[in-house]
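Residue numbers start at 1 and run along the sequence shown. What you see is a predicted model; the values in this text were computed from it and never measured.
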Amino acid sequence: MRTAELKRETKETKIDIQLNLDGTGESSIQTGVGFFDHMLTLLAFHSQMDLHVKVEGDTWVDAHHTVEDVGIALGQLIAKSLGNKVGIRRYGSSYMPMDETLARAVVDVSGRPYLVYQAEIRNPKLGDFDTELAEEFFRAVAMNGRLTLHLAVLYGSNSHHMIEGLFKAFGRALAEAVSSDGTNRLPSTKGWIEG
């Protein structure tokens, strides 16, 4: 089983997080940021990873520290869970339609962290969630998970659908990238994958 857990405490957040890449999509999410809880639940379901997150954060300031720190922790757990990456597909991609919206996610579990984020979200807030935090979350996951991650909303008008499409597409792309390729080899002609 490819699992990892982390307790991370700073002056801004206290995070307890567990991840099982070979799960069934089970989740329990308590970040104190309602819309973000909803997105993490969808991410777990669509990636089929089990994800349990409990956060005490300084949400009286805003949700930034909580969202970014969860992204950091989740990225670290993804990297740790993958181990030496032998026998995985490495690449994954997904298109996700959400009514009028179409989102795309492409991931390479290469060990070379990079984020391309192309989404023009119209509403600045969805509930208690600043929509610009979606990019901060994905950047934290990509950098700490050592993922090359390309995310785009190809078109759409509803801000909720646009962000939800990105989370779902990322989950499905990640599930494909970390799945078994049926071999016992490293998925690189170089014979080496960073991280």
Got a second to check how far [X]'s [atom1] is from [Y]'s [atom2], nearest 0.5 Å?
X    : Y    : atom1 : atom2 : value
F170 : F137 : CZ    : CZ    : 6.5 Å
H64  : T66  : NE2   : OG1   : 10.0 Å
T148 : R112 : OG1   : CZ    : 5.5 Å
D69  : E12  : CG    : CD    : 6.5 Å
I78  : L19  : CD1   : CG    : 6.5 Å
S179 : L21  : OG    : CG    : 11.0 Å

Can you check whether [X] reaches [Y] side chain to side chain, under 4.5 Å on heavy atoms?
X    : Y    : answer
Q18  : T3   : no
L74  : L43  : yes
V178 : R2   : yes
L166 : Y117 : yes
S110 : R90  : yes
L115 : L151 : yes

Just by distance, with hydrogens left out, do H161 and E100 show a side-chain donor and acceptor under 3.5 Å apart?
-> yes
Check whether any side-chain N or O of S159 sits under 3.5 Å from a backbone N or O of N123 as a donor-acceptor pair, and report yes or no.
-> yes
Show your reasoning for whether side-chain contact (heavy atoms from CB on, under 4.5 Å) applies to I72 and I15.
-> CA-CA 10 Å; I72 290 168; I15 297 174; over 6 Å; no
What residues form a side chain to side chain contact (heavy atoms under 4.5 Å, CB included) with [X], not counting sequence neighbours?
X    : result
E26  : T24, D50, H52
H160 : F35, H38, M39, L126, N158, E164
E176 : R89, S93

Mind running side-chain contact (heavy atoms from CB on, under 4.5 Å) on L149 and V141 for me, showing each step along the way?
-> CA-CA 9 Å; L149 178 58; V141 172; 5.5 Å; no
Between I17 and L51, does a side-chain contact (heavy atoms from CB on, under 4.5 Å) hold up when you go through it step by step?
-> CA-CA 7 Å; I17 181 170; L51 180 62; 4.1 Å; yes
Have a look at F36 and tell me which of L133, T41, V67 forms a side-chain contact (heavy atoms from CB on, under 4.5 Å) with it.
-> V67
